[in-house]
Amino acid sequence: MNHYPQAWGRPRDDVYGAYDHSYLQSAQPKTHTQSPAVTGTSVLGVKFKDGVVIAADNLASYGSLARFTDVKRIRTFPPNTVVGFGGDVSDMQYLDRLLQSLDIRENYLSSTDHVLNAKNLHTYLSKIMYRRRSDFNPLWNMLLVAGLDDEDKPFLASADLLGTTFSSPTLATGFGAHLAQPLLRRLMPNDEASVKDVTQEQAINAVKECMKVLFYRDARSMDKYSIAVITKDGVDLKEDEKLENQSWAFADQIRGYGTQVN
Amino acid sequence: MTSIGTGYDLSNSVFSPDGRNFQVEYAVKAVENGGTCIGIRTKHGVVLACEKIISSKLLKPGCNKRISTIDRNAGIVTSGLLPDGRHLTTRGRDEASSWRQTYKAPIPMSALASRLGGYVQAYTLYSSVRPFGVTAILGGWDSEAELGVDGQVGNGPAAGAGGKVDDSSTKRGGPGLYMIEPSGLYWGYYGAATGKGRQAAKGELEKLDLAAPNCSLTLKDAVLEAARIIYVAHEDSKDKEFELEMTWISALDGPTKGRHEPVPKELLEEAEKHAKKSLEPEDEDEDEDEDDMEE
């Protein structure tokens, strides 16, 4: 008899041979999400002298399929912050719930003189993103955080799935980083120094114009969008806007666009 | 208490021959010496108010709040042993957040009261624990809007397959006010009072006729009344200084948009001034008091 307890109740090695540990082991190492599934495309943000404008369309694509057409990718955080999400929609929902529970916990203190502003929230979100990428399990999103900082100045910054942060008077994620950002920069010839000269109306118009350009050229975009204006007075969020004054005349000249395949 | 425990009051899980659990009754005694707390439920929302006795002049005014937020839409105030109240509050918050984890929606007031009631009751069953020395008043507002799940991104098709059914006639949500006693017993109330001044406060609450279907009390009236009732109830222990603390929860179209918040400073000051004024005449006349309300 084998007197070692760890061998009791097991097939005997001298009869069956040593146990082959390669069984019940997957050949592959453990993996996490390698690519997003349902995605949202660009988010645009522009500062102006008293606040920030942020916009994103209402589409969630499943690959190239326009799957969900009323998806709200602009999320608010009380009292005065807005987060715009590009990338994976389920990860956005996770983050949204996380922010909701953060808001609830913040209110446990029931003190009105301490609130989380956009800057605090951006720091928090970027750390979450970096933590998750360090776990090799990134949240597949590109975020824009818009609002006011602790001096009530306009605040706009981004965080991506690697935890990289970036801040600029105009920002765009995804396709918009290539198509809209150069157009938006025309508003700000002197970068941060130009913000004080930009009015709310100018900023809104620039964003709307860029949303149109993106709809022309980004095949994962849609003509319905959400736009939020954040000022000291609060957040004005409109979630069912439609692109106006579209002109497809330019498409006439382009080969390989629309119905002209060659 | 008429009889003494005669040996049956030393342990929780032991009944006396006449069917009483003395430990629970002693816990009720602990509550009877706590600061007065009240809750008023109106059609438009709920007001919680608390008489916070100042135990030391060295404490910073306006701090060490006694009314706590459990979830966005729910608040709790406890009377009795403060640390027990703190613990119950924490448990309420845990229940609310675990409800959200499971159902992706805010916890209904009835469910919150049930969970906390069950928790308090469990502390009357075992000899290794003592019952809670607090009576808690829970106030909240269940959203009347059709709520999606937390984190929901869209509404789906407006019509056709998977489209929405018009259910605008369905009535949902509304105010909720519950009081949980040390025995774990909880009822829903129109107006609830506990603590030292509860008898006076209950008398005043009954006069408001909150149960009447045509009760015209607005939320602001309820705030003023709550302040006055706390001041009336304080009359018995006039020697001690106190701070008035009030929070409220309104409907989604009301001042707090369905959230549990402290009553704004201006309104709180107005309510305090009003309360002090209504106490001034030696033998206060009810009619005169009513007139004050309408100003």
Side-chain angles (χ1 to χ4, degrees), chain A residues 37-41 43 56-62 66-79 83-115 139 141 222 224-226 234-235 239-240, chain B residues 48 50 60 62-77 86 89-90 92-107 147-159 162-164 245-249 256-265 268:
Chain A
V38 177
T39 58
T41 182
V43 186
D57 69 18
N58 291 352
L59 181 69
S61 312
Y62 181 58
R67 181 65 185 82
F68 302 105
T69 54
D70 68 336
V71 170
K72 277 56 178 188
R73 296 195 291 125
I74 303 280
R75 299 274 151 169
T76 54
F77 186 89
V83 187
F85 292 85
D88 194 273
V89 169
S90 57
D91 284 350
M92 167 179 102
Q93 289 179 300
Y94 167 79
L95 282 170
D96 192 40
R97 291 198 187 112
L98 196 71
L99 290 180
Q100 283 201 36
S101 72
L102 178 70
D103 173 46
I104 291 166
R105 272 179 286 135
E106 276 297 302
N107 278 300
Y108 288 168
L109 305 167
S110 68
S111 114
T112 41
D113 30 271
H114 172 262
V115 289
L139 292 163
N141 293 109
M222 200 179 57
K224 270 195 336 205
Y225 66 99
S226 308
V235 178
E239 289 188 318
D240 207 13
Chain B
L48 297 176
C50 162
K60 188 179 170 193
C63 291
N64 303 309
K65 296 276 192 234
R66 289 279 302 280
I67 310 180
S68 319
T69 299
I70 281 199
D71 200 334
R72 276 180 187 157
N73 63 330
I76 188 171
V77 60
R86 282 276 178 87
T89 302
T90 310
R93 288 170 174 171
D94 290 350
E95 291 289 357
S97 79
S98 86
W99 183 281
R100 273 189 194 266
Q101 282 286 337
T102 312
Y103 301 107
K104 306 286 182 258
I107 188 169
L147 278 185
V149 293
D150 283 355
Q152 176 178 306
V153 291
N155 298 314
K164 272 206 204 137
E245 205 181 306
M246 282 201 287
T247 62
W248 59 351
I249 313 114
T256 80
K257 301 186 178 64
R259 291 176 78 114
H260 174 248
E261 287 171 0
V263 169
K265 211 167 157 225
L268 186 71

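Chain A is the first sequence line, chain B the second, and so forth, proteins listed ahead of strands; every chain is numbered from 1. In this text, all values refer to a predicted model and were calculated from it rather than measured experimentally.
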If I measure from the heavy atoms of chain A, does B:Glu261 come under 4.5 Å with its side chain, its backbone, both, or neither?
neither
Proximal component of A:Asp96, with respect to chain B [non-hydrogen, under 4.5 Å]:
side chain
Within this structure, what is the CZ-CD distance for the pair A:Arg75 and A:Gln100, rounded to the nearest 0.5 Å?
8.0 Å
One option among B:Gly151, B:Gly154, B:Ser97 has the most heavy-atom pairs under 4.5 Å with chain A, and it is B:Gly151
For chain A, which candidate among B:Arg259, B:Arg72, B:Lys104 shows the most heavy-atom pairs at distances under 4.5 Å?
B:Arg72
Considering only NZ, NE, NH1 and NH2 on the basic side and carboxylate oxygens on the acidic side, decide whether A:Asp240 and A:Lys72 come within less than 4.0 Å.
no
Do the side chains of B:Asp71 and B:Arg100 get close enough for a salt bridge, i.e. N-O under 4.0 angstrom?
yes
Between B:Asp150 and A:Arg97, is there a side-chain N and carboxylate O pair less than 4.0 Å apart?
no
